[in-house]
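Start at 1 and go down the list; that is how both ligands and their atoms are numbered. All residue numbers in this chain count up from 1 along the given sequence.
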Amino acid sequence: MKKDDVIAIDGPSASGKSTVARKVAAALGWLYVDSGAVYRAVAWRVLQAGVDPSDQDAVAAHTRSIEANFFVELGAVLFEMGGERPGEALRREAVNLAVSPVAANPVVRDIVTAWLRGMRDLGHLVMEGRDIGSVVFPEAAHKFYLDASPEERARRRHAESQENLTVDAVGASLQRRDQVDSRRMTAPLTVAKDAAIVDSTGMRIDDVVAAILERVAFSQKA
Ligand code: DC
């Protein structure tokens with residue numbers, strides 16, 4: 001059975017997924033979910049606990065001990081981990097560096113995937129990530145793969161960054177993460193076979209949103 005209550009939006013970092021997914025969710029009155037933030041939050045807890053992000057067994061053990069609580073606020077699914085809300089800490093460079101090995105850990109992926117699937121109990125979802133259409137909700141009726149050129153993605157991420165880095169440094173950091181995300185053994189970044197590919201290079205965000213909404217409306221009528 002196709003799941004008609006989930007829209008999966010996958011793609012590399014800074015492809016415009018977050019802005020697009022947020023706007024699609026707002027237009028439909030569905031809940032926005034940033035699955036990358038959940039992986040980032042696990043990496044943040046791992047760092048806080050003084051665990052080495054590349055120590056697979058220690059990261060797995062620590063992740064099993066995390067108490068996560070998910071709730072709806074302002075049209076999005078948000079969370080506490082270990083009773084704390086992470087906030088801006090998730091965007092720090094230390095978390096950027098730690099999140100790739102943490103997200104490549106198969107135990108972490110199983111735990112986060114179960115958390116993400118459980119969010120369907122909270123309402124209709126627009127979920128962005130890397131493996132939402134391929135692994136988390138392979139039966140989602142609506143799947144999109146959003147992409148943009150590496151130069152455009154570096155410019156976008158640089159514009160939103162609070163840190164004092166050059167566009168080139170931001171581009172290099174994105175590229176490193178893309179490589180780890182695409183080459184890892186478990187749930188690598190891939191295009192789900194039934195996903196619609198949208199290249200947003202040079203497109204206005206609102207046009208990307210409109211294209212997605214049109215396709216969703218069309219497939220709901222079909
Ligand atoms: O989208 P982002 O940059 O916030 O994602 C942070 C990290 O989490 C990134 O390295 C990829 C990983 N991730 C993942 O492996 N699977 C997802 N569904 C979402 C994010």
Side-chain angles (χ1 to χ4, degrees), residues 6-22 32-47 53-54 56 59-60 63 68 70 76-79 81 86-120 125-138 140 143-148 150 152-154 156-163 165 170-192 195 200:
V6 177
I7 298 175
I9 303 185
D10 290 301
S13 305
S15 56
K17 291 188 309 274
S18 308
T19 316
V20 167
R22 241 179 251 281
Y32 165 70
V33 184
D34 177 359
S35 68
V38 182
Y39 284 100
R40 284 172 180 273
V42 173
W44 165 72
R45 296 298 299 181
V46 161
L47 291 174
S54 58
Q56 290 227 6
V59 168
T63 307
F70 298 93
V77 179
L78 301 182
F79 53 85
M81 280 195 195
E88 283 311 303
L90 297 188
R91 303 288 146 194
R92 296 212 183 106
E93 192 57 16
V95 171
N96 286 344
L97 293 173
V99 70
S100 285
V102 167
N105 186 310
V107 173
V108 172
R109 297 210 74 81
D110 281 351
I111 292 171
V112 172
T113 297
W115 285 339
L116 298 173
R117 288 183 179 149
M119 291 178 190
R120 270 181 88 220
L125 308 174
V126 180
M127 189 177 285
E128 58 134 317
R130 303 295 192 293
D131 64 338
I132 309 308
S134 56
V135 175
V136 180
F137 293 119
K143 298 184 188 177
F144 297 91
Y145 185 90
L146 209 58
D147 211 348
E152 179 136 343
R153 294 196 287 121
R156 286 180 189 164
R157 192 42 68 90
H158 179 257
E160 44 177 63
S161 170
Q162 310 284 329
E163 312 219 18
L165 297 171
V170 172
S173 167
L174 280 179
Q175 216 175 358
R176 259 197 314 276
R177 226 138 31 91
D178 284 353
Q179 280 184 359
V180 180
D181 291 344
S182 313
R183 290 181 191 161
R184 67 173 176 234
M185 300 289 284
T186 331
L189 172 64
T190 57
V191 185
S200 70

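- Inclusion of Ser35 in the set of residues having an N or O under 3.5 Å from an N or O of ligand 1 is warranted.
- Between Ser35 and Ile132, the shortest heavy-atom contact is OG-CD1, 3.6 Å.
- Checking side-chain atoms of Arg109 against main-chain N and O of Ala103 turns up a donor-acceptor pair under 3.5 Å.
- Of all the atoms in ligand 1, the ones that sit under 4.0 Å from a non-hydrogen atom of Ser13 are 3 (O).
- Atoms of ligand 1 lying under 4.0 Å from at least one heavy atom of Ser100, given by number and element, are 10 (O).
- For atom 11 (C) of ligand 1, the nearest protein heavy atom (residue, atom name, distance) is Asp181 OD2, 3.3 Å.
- At a heavy-atom cutoff of 4.0 Å, ligand 1 is contacted by the side chain of Arg177 but not by its backbone.
- Residue Arg91 places a heavy atom less than 4.0 Å from ligand 1.
- Close N/O approach between Arg157 and ligand 1 is not found [any backbone or side-chain N/O within under 3.5 Å].
- Counting heavy atoms closer than 4.0 Å to ligand 1, residue Ile132 contributes side-chain atoms (C-beta onward) but none from N, CA, C or O.
- The contact set between ligand 1 and Ala103, taken as ligand atoms under 4.0 Å from a residue heavy atom, comprises 12 (C), 15 (O).
- For atom 8 (O) of ligand 1, the nearest protein heavy atom (residue, atom name, distance) is Tyr39 CB, 3.7 Å.
- The two residues Ala192 and Lys143 come nearest to each other via the heavy atoms CB-CD, 4.0 Å.
- At least one heavy atom of Arg109 lies less than 4.0 angstrom from ligand 1.
- For a threshold of 3.5 Å applied to N or O pairs, the pair formed by Arg40 and ligand 1 contains at least one separation below that value.
- Rounded to the nearest 0.5 Å, atoms CD1 (Ile9) and CG (Asp34) are 11.5 Å apart.
- The backbone N or O of Tyr145 lies less than 3.5 Å from no partner atom in the side chain of Asp10, so there is not a single donor-acceptor pair.
- Here Glu128 contributes atom CD and Ser15 contributes atom OG; the two are 8.0 Å apart, rounded to the nearest 0.5 Å.
- Here the side chains of Glu93 and Ser173 are in contact, with some heavy-atom distance below 4.5 Å.
- The Gly129 neighbourhood of ligand 1 comprises atoms 18 (N), 19 (C), with distances under 4.0 Å to a heavy atom of that residue.
- Nearest heavy atom pair, residue Ser13 against residue Arg153, reads O-NH1, 2.7 Å.
- Residue Arg91 comes nearest to Ala37 through the heavy atom pair NH2-CB, 4.4 Å, listed as atom of the first residue, atom of the second, then distance.
- No more than 12 heavy-atom neighbours from other residues, nucleotides or ligands sit within 6.0 angstrom of CZ on Arg92.
- Scanning all protein heavy atoms for the shortest distance to atom 1 (O) of ligand 1 gives Arg130 NH1, 2.9 Å.
- Under 4.0 angstrom from ligand 1, the non-hydrogen atoms of Asp131 come from both its backbone and its side chain.
- The nearest heavy-atom contact from the protein to atom 7 (C) of ligand 1 is Val99 CG2, 3.6 Å.
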